[in-house]
Amino acid sequence: MVAVQSWGRLGAAQHHTQSLSDRAQVPAQLAAASADAPGLAYGLGRSYGDVCLNPGGLLWQTAALDHYLAFDEASGVLRCEAGVTLRDIQRLCVPRGWSLPVVPGTQFVTVGGAIANDVHGKNHHLAGSFGDHLRRFTLARTDGSVRECVPGEPMFAATVGGLGLTGVIVDAELQLKRVPGPWLTVETLPYRDLHEFFDLADASEAGWEHTVSWIDCLHRAGRGIFMRANPADLDLSLPPPRAERRVPLVPPMSLVNRLSLKPFNALYYAAKGKRATSVQHHENFHHPLDVLRDWNRIYGPRGFYQYQCVLPFAAGRDGIRALLEAISAAGMGSFLAVLKTFGHRESVGMLSFAMPGVTLALDFPNEGERTLKLFASLDAIVREAGGRLYPAKDARMPRELFEAGYSRLAEFLPHRDPGISSAMSRRLMGQ
Ligand SMILES: Cc1cc2nc3c(=O)[nH]c(=O)nc-3n(C[C@H](O)[C@H](O)[C@H](O)COP(=O)(O)OP(=O)(O)OC[C@H]3O[C@@H](n4cnc5c(N)ncnc54)[C@H](O)[C@@H]3O)c2cc1C
């Protein structure tokens with residue numbers, strides 16, 4: 001057995017592991033292995049909590065399912081195995097004028113992981129989430145069967161955002177979108193409070209492809225820095241993305257704490273809180289943290305949680321204000337705090353996270369009971385607002401909050417594969 005962690009480093013549970021590398025063999029491998037005990041697919045473990053963990057059980061590692069199967073340069077249709085990373089796709093396709101239509105905040109994510117969490121990016125208001133651009137995928141089930149799933153079918157909608165619980169995605173066909181090149185024109189605009197944030201978000205939706213904002217989680221009014229970007233048709237000889245560095249070790253305690261957070265946020269706002277226009281490489285804009293490998297170590301040996309919720313627009317302004325007040329009164333959080341509006345479209349997946357509304361995502365060093373107590377008060381605000389939490393980031397949400405937030409849960413459950421289980425499914429679905 002080996003110790004496996006997810007991105008939050010909240011613990012290292014022992015797992016049996018099996019690498020999947022030959023897609024023709026996958027159905028037989030699943031059937032043979034799951035006869036003993038349920039297994040679970042594992043991509044790159046970039047989920048923060050327990051959605052990708054199966055403590056004491058088996059993980060099917062998919063990273064070696066890394067072959068491209070077909071790419072039509074005229075139509076931008078790409079077929080590849082499920083362990084191919086989004087970074088590999090972007091580095092292959094962007095120079096050819098095609099891009100993934102949706103990318104999350106890190107590129108170190110597999111295609112299978114992106115489907116299973118139906119990930120979103122900074123362009124949700126125009127492009128929806130990852131599942132909206134899927135043309136088909138192949139799903140292997142632990143009874144040895146194989147299904148080709150296409151949009152409109154129940155198994156497609158159950159698997160997109162299905163938390164890996166309907167089978168193992170073996171390969172997928174994606175529709176890429178045209179891009180003029182790797183560059184983006186980026187505008188940076190400071191905002192002093194949540195009113196200004198919502199005004200900027202409204203004003204930017206039609207004319208800007210990507211919008212996102214950093215928010216000072218200790219500032220009760222909700223000041224922050226809004227960023228909006230569009231693809232730029234520029235032939236530049238600017239320097240390529242910055243070289244990657246690595247956090248070399250786990251410090252004995254979290255470097256993010258009450259002492260460091262307030263001055264950091266104040267300094268960051270003072271330094272960056274000026275209206276500016278720049279040209280940025282798409283990797284730097286979309287994945288700024290990817291240049292610092294293992295940055296999750298800065299939270300020390302106890303790890304960290306991320307709390308990401310979405311609140312419907314109707315309750316969004318009051319709800320976000322209430323969340324910020326609770327967080328700033330507790331003096332907790334981190335400088336990694338993001339506020340963004342989603343678009344008005346419903347997601348294709350039965351358990352997809354994204355819905356029309358406003359999403360807040362914040363990291364919290366793990367301070368044990370103190371952190372969990374704060375989360376309980378945040379949960380009450382989310383519940384009251386009719387919102388939901390993001391399973392990809394979660395390690396502790398109560399089952400009743402999950403059930404309240406995901407109204408299509410009953411429709412999803414019959415599509416589960418009985419040979420698959422995760423720590424999260426046992427916590428939130430009871431098996
Ligand atoms: C720095 C950072 C920024 C992020 N930003 C965003 C963001 O902006 N938007 C967003 O939506 N998410 C974001 N995420 C979360 C991340 O995109 C998701 O957790 C993603 O699903 C991780 O993919 P993975 O390949 O590492 O899968 P894992 O984390 O290993 O697994 C995730 C889930 O996918 C399932 N799975 C994996 N492969 C398969 C397969 N082949 N078949 C079936 N199921 C499978 C697993 O069982 C598990 O349920 C971010 C994460 C990090 C670390």
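Note that ligands are numbered from 1 as they come in the structure, with each ligand's atoms numbered from 1 the same way. Positions are given from 1, in the same order as the sequence printed here.
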To check your reading of the model: name the closest protein heavy atom to atom 24 (P) of ligand 1, its residue, and the distance in Å.
Leu44 N, 3.5 Å
Using 4.0 Å as the upper bound for N to carboxylate O, is an ion pair formed by Lys177 and Glu209?
yes
Heavy-atom contact check, 4.0 Å cutoff: does Gly121 meet ligand 1?
no
Got the closest protein heavy atom to atom 15 (C) of ligand 1, with its distance?
Lys393 CE, 3.8 Å
The atoms of ligand 1 lying under 4.0 Å from a heavy atom of Leu163, numbered in the order shown, are 49 (O)
Among Gly49, Ser47, Ala116, closest by heavy atom to atom 34 (O) of ligand 1 is Ala116
With heavy-atom distances below 4.0 Å as the criterion, list the atoms of ligand 1 near Gly167.
43 (C)
Do the ring centers of His287 and Phe108 come within less than 6.0 Å of each other?
no
Using a 4.0 Å heavy-atom cut-off, say whether Pro104 meets ligand 1 through its side chain, its backbone, both or neither.
both
Just to confirm my output: which protein heavy-atom neighbour is closest to atom 31 (O) of ligand 1, and how far is it?
Cys52 CB, 3.4 Å
Give me the residue, atom name and distance of the protein heavy atom closest to atom 8 (O) of ligand 1.
Gly105 N, 2.9 Å
Please say whether Arg46 places an N or O atom under 3.5 Å from an N or O atom belonging to ligand 1.
yes
Of Tyr305, Phe304, Phe375, the one forming a ring pair (Phe, Tyr, Trp, His ring centres under 6.0 Å) with Phe364 is Phe375
Charged N to carboxylate O under 4.0 angstrom, Glu367 versus Arg302?
no
Report yes if Gly43 has an N/O atom closer than 3.5 Å to an N/O atom of ligand 1; otherwise report no.
yes
If every non-hydrogen atom of Ser422 is compared with every non-hydrogen atom of Val51, which pair is closest and at what distance?
CB-O, 3.8 Å
Purely on distance, is any nitrogen or oxygen of Phe108 under 3.5 Å from one on ligand 1?
no
Ligand 1 to Ala82, heavy atom cutoff 4.0 Å, flagged ligand atoms 41 (N)
What part of Lys122, side chain, backbone, both or neither, has a heavy atom within less than 4.0 angstrom of ligand 1?
neither
among protein heavy atoms, the one nearest atom 42 (N) of ligand 1 is Ile169 N, 2.8 Å
Nearest protein heavy atom with distance in Å, relative to atom 23 (O) of ligand 1
Val109 CG1, 3.4 Å
Got the closest protein heavy atom to atom 46 (C) of ligand 1, with its distance?
Ala41 O, 3.1 Å
Ligand-residue contact atoms, ligand 1 with Leu40, heavy atoms, under 4.0 Å
47 (O)
Between Phe412 and Leu165, does the side chain to side chain contact (heavy atoms under 4.5 Å, CB included) criterion hold? Intermediate values first, please.
CA-CA 10 Å; Phe412 165 80; Leu165 300 174; 4.1 Å; yes
Between Arg87 and Asp290, does any NZ, NE, NH1 or NH2 come within less than 4.0 Å of an OD or OE carboxylate oxygen?
no
Only heavy atoms of Asn117, strictly under 4.0 Å: list the atoms of ligand 1 that pass.
18 (C), 19 (O), 20 (C), 21 (O), 32 (C), 33 (C)
So which protein heavy atom does atom 27 (O) of ligand 1 come closest to, and at what separation?
Gly113 CA, 3.7 Å
Trp295, portion touching ligand 1 at heavy-atom distance under 4.0 Å
side chain
With a cutoff of 4.0 Å, is Tyr390 in contact with ligand 1, counting heavy atoms of the residue only?
yes
Going by heavy-atom distance to atom 53 (C) of ligand 1, choose the closest among Trp60, Trp7, Tyr42, Phe137.
Trp7
Student check: side-chain heavy atoms of Leu323 and Leu360 closer than 4.5 Å:
yes
Option passing salt bridge (charged side-chain N to carboxylate O under 4.0 Å, His left out) with Asp171 (candidates Arg135, Arg23, Arg136)
Arg23
Mind checking whether Asp50 and Arg427 have side chains closer than 4.5 Å, heavy atoms only?
yes
Please check this pair: side chain of Lys340 against backbone of Thr211, looking for a donor-acceptor N/O pair closer than 3.5 Å.
yes
Do the side chains of Arg79 and Glu148 get close enough for a salt bridge, i.e. N-O under 4.0 angstrom?
yes
If I compare all heavy atoms of Leu139 with all of Cys149, which pair ends up nearest, and what's the gap?
CB-SG, 4.2 Å
Number the atoms of ligand 1 from 1 as they appear, then name those within less than 4.0 Å of a heavy atom of Ala392, with their elements.
19 (O)
If we only count heavy atoms from C-beta on, is the Tyr269 to Pro190 side-chain gap below 4.5 Å?
yes
Ionic contact status for Asp294 with Arg9, cut-off 4.0 Å
no
I want to know if ligand 1 touches Val119 in the polar sense, i.e. an N/O pair below 3.5 angstrom.
no
Give the atom numbers and elements of ligand 1 that come within less than 4.0 Å of a heavy atom of Thr62.
41 (N)
Residue part near ligand 1, for Thr106, under 4.0 Å between non-hydrogen atoms
both
Under 4.5 Å between any side-chain heavy atoms of Asp394 and Tyr48, yes or no?
no
